[in-house]
Amino acid sequence: MYIALLFGIWFSWMIISDWNVLDGTLAAIESLVNVFKSPGNTRTIMFSALVGALLLFIQYSKGVEGFINELNKLIVFFEKKQKGYSRVIIQLLAMLTGLLLFVETSISSLTVGTLYRPVFDKLKIPREKLAYIADSTSAPSSILIPFNAWGAFIMGLLLTQGIDSPFSLMISSIRYNFYPILAVIIVFIVIVSKKDIGVMAKAEKRTRETGALMNENSKPMLSDTITSYESKPGIKARAYNMIVPLATMVVMMPINLAFTGWNEVTDYTSFSDHLFQAIGKGSGSASVLYAVTTAILVAMILYRSQGIMKIREMVDLVLKGISELMPLALLMLLAFAIGDACNQLGTGNYVAELSKEWLSPQLLPAIIFVISSFIAFSTGTSWGTFAIMMAISIPMATANELDLPLVVAATLGGGIFGDHCSPISDTSIISSMASASDHIDHVNTQLPYALIGGCITVIMYLILGFVFV
């Protein structure tokens, strides 16, 4: 993965530098440095590294052990009712958790992976399944319940296209946003039916027959040091030592969104209106970084008050956690760099512009979905795809007198679909990390389900394209 990304970055800058080897190579190196010029990129990379510290804290404090002990009671209760039923319940709980944390995709994926990984391991559910559930509920819930930074970003894009009522248009588009809806439905069906397909079916068979949570040659995004860190001896296992820091992180997310967006709001009618708008305008990357930092500080205070850790132990754990997450931070760095290179090349705009000459109005929703998917897949960012495609799809829809909510939905859904399929998507990377799954295994096992949802979505947009024109 690292070699492929490095080569892709170098190759991109060779093209930009007109095949001058020296200039292209130096530009590729500088592009890695320039990733940190973006505050958002830097915050995301810092967030990814600090997560390691938080995970070590909750392991060392026996918070994970305490949480498993509590869930064991639930598992025993459902096992008495019907053998194997507890597996379904735990997976449904993980899915529900991912959907409820619609405020931010990174927090959603991280919380689901961290909370449920020990229980999934105990019940012999493959790590790939947890990563799939975490990934396929985070972005879909954020786009279907857009009372978050996603919604504010989309409304901002709509405003730049001259849309007078961006909120109502965004809400109207939800009913046509088929891919995120299908992604959630497919997760539910897979869990309840206990039927898997493709590589995921092989993963389930492997875990069922051998007990192996991953493939033999897999390299999880989290090291064994993070996932199986030895707890401090002589202390009692308490679930709240895990739940309190994670709950702090989740609760602080909307608070931080409101804080970072508060001064951005100038026109409001009441405090609640000001608060709602501020959450929408807040910085997602700043909020996740502040949230995980606050969670670490709360954990420090909680554990120190119980006499579990001293300051020196805490500092050592923070540094060790960060060091263990360096491979993830490096992967994030390379993913951002290749996304920037694609933007420099104008990959997204080129692909979108190609379609203008031959696209018929009836095919417009389906083709916009496919193009958005391709751009998101190749750049690893749904937000970048929205920015590129909104400027193209809305004028095209207006010119062809097509239903705007339908076209907006196709644009947004395509971005989510491509993001789900992309190995360089930050949400997919964080899902793999939180679930301690091999990243490529996660992409490969999720891909068949994503393709099913994507193909059905294309068919539905083709039908509606002919209905509305």
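With hydrogens and angles left out, the side-chain atoms of S373 and Y179 include no donor and acceptor closer than 3.5 Å. In summary, the side chains of S109 and S431 do present a donor paired with an acceptor at a separation below 3.5 Å, with no hydrogens or angles considered. Side-chain atoms of E313 and Y60 form a donor-acceptor pair, as typed in the model, at a separation below 3.5 Å. Side chains of S12 and Q344: a donor-acceptor N/O pair is absent below 3.5 angstrom, by distance only. Under 3.5 Å, the side chains of S393 and T411 contain a donor-acceptor pair of N or O atoms.
Side-chain contact check for L406 versus Y461: some heavy-atom pair is nearer than 4.5 Å. Counting heavy atoms from C-beta on, the side chains of I186 and S136 never come closer than 4.5 Å. Side chains of W13 and S31 form a contact here, defined as non-hydrogen atoms less than 4.5 Å apart. Within the 4.5 Å cutoff, the side chain of D403 has heavy atoms near those of the Y176 side chain. The closest side-chain heavy-atom distance from Q91 to I133 is below 4.5 Å. Proximity of F377 to P423: side-chain heavy atoms (C-beta onward) are separated by under 4.5 Å at one or more points. Taking the side chain as every heavy atom from C-beta outward, M214 and P220 approach each other to under 4.5 Å. Taking 4.5 Å as the limit, some side-chain heavy atom of Y449 sits within range of a side-chain heavy atom of D196.
Rounding to the nearest 0.5 Å gives a distance of 9.5 Å between CG of L100 and OG1 of T137. Annotation: the span from I375 atom CD1 to M389 atom CE amounts to 5.5 Å, rounded to 0.5 Å. Annotation: the span from K129 atom NZ to Y116 atom OH amounts to 15.5 Å, rounded to 0.5 Å. The CD1 atom of I255 sits 12.0 Å away from the OG1 atom of T260 when rounded to the nearest 0.5 Å. One distance of note links CD1 of I45 with CG of L330; it measures 9.0 Å at 0.5 Å rounding. Note: I368 CD1 to M390 CE = 10.0 Å, rounded to the nearest 0.5 Å.
With hydrogens and angles disregarded, a donor-acceptor distance shorter than 3.5 Å links the side chain of N256 to the backbone of M252. With hydrogens and angles ignored, the 3.5 Å screen pairs no side-chain donor or acceptor of T111 with any backbone N or O of S108. A donor-acceptor contact shorter than 3.5 Å is absent between the side chain of D419 and the backbone of G415. Distance alone, capped at 3.5 Å, places no donor-acceptor pair between the N215 side chain and the S218 backbone. A donor-acceptor contact shorter than 3.5 Å is absent between the side chain of R117 and the backbone of A436. Side-chain atoms of N177 never come within 3.5 Å of backbone atoms of S173 as a donor-acceptor pair (strictly under, hydrogens ignored). Remark: side-chain polar atoms of T207 are paired, donor with acceptor, to backbone N or O of A212 under 3.5 angstrom. When atom types are taken as modelled, the side chain of T445 and the backbone of M200 share no donor-acceptor pair closer than 3.5 angstrom. With H274 contributing its side chain and W262 its backbone, the two residues share a donor-acceptor pair below 3.5 Å. Side-chain atoms of S435 never come within 3.5 Å of backbone atoms of S432 as a donor-acceptor pair (strictly under, hydrogens ignored).
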> So V318 and M300, side-chain contact (heavy atoms from CB on, under 4.5 Å) or not? Walk me through it.
Replying inline: CA-CA 10 Å; V318 169; M300 286 179 168; 3.7 Å; yes

> Between I452 and I197, is a side-chain contact (heavy atoms from CB on, under 4.5 Å) present by the stated rule, with each step listed?
Replying inline: CA-CA 11 Å; I452 289 171; I197 59 173; 3.4 Å; yes

> What do the steps show when you test R206 against E128 for salt bridge (charged side-chain N to carboxylate O under 4.0 Å, His left out), and what is the final call?
Replying inline: CA-CA 12 Å; R206 175 203 70 220; E128 296 96 323; 3.0 Å; yes

> Given the rule in the side-chain contact (heavy atoms from CB on, under 4.5 Å) test, do L99 and I145 qualify, once you have shown the distances and angles that lead to the verdict?
Replying inline: CA-CA 9 Å; L99 293 174; I145 313 173; over 6 Å; no

> Do L115 and M242 pass the side-chain contact (heavy atoms from CB on, under 4.5 Å) test, and can you show the C-alpha distance, the side-chain angles, and the key distance before you say yes or no?
Replying inline: CA-CA 8 Å; L115 272 178; M242 176 180 181; 3.7 Å; yes

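Nearest approach of L32 to I9, heavy atoms of both residues: CD2-CD1, 4.1 Å. Contact record, I394 with L158: CD1-CD2, 3.5 Å, taken as the closest heavy-atom pair. Pairing each heavy atom of L275 with each of A258, the nearest pair is CD1-CB, 3.7 Å. Heavy-atom minimum distance, I181 versus I174: CD1-O, 3.8 Å. Nearest heavy-atom pair across L289 and T293 is O-OG1, 2.8 Å. The shortest non-hydrogen separation linking G465 to P365 is CA-CG, 4.1 Å.
Remark: aromatic rings of W19 and F11 are close, center separation under 6.0 Å.
A salt bridge between K195 and E204 is absent, with no side-chain N of the basic residue lying under 4.0 Å from a carboxylate O of the acidic one. A salt bridge is defined here as a Lys NZ or Arg NE, NH1 or NH2 lying under 4.0 Å from an Asp or Glu carboxylate O, and R127 with D438 fails to meet this definition.
Around the CE atom of M46, the shell of radius 6.0 Å holds no more than 12 heavy atoms that belong to other residues, nucleotides or ligands.
Of the candidates L54, T294, L297, T248 forms a side chain to side chain contact (heavy atoms under 4.5 Å, CB included) with just one, namely T294. A ring-ring contact (aromatic ring centres under 6.0 Å, His included) with F417 is found for exactly one of F374, F369, F178, namely F369.
Between H439 and H442, the ring planes are tilted. Angles from 30° to 60° get that label.
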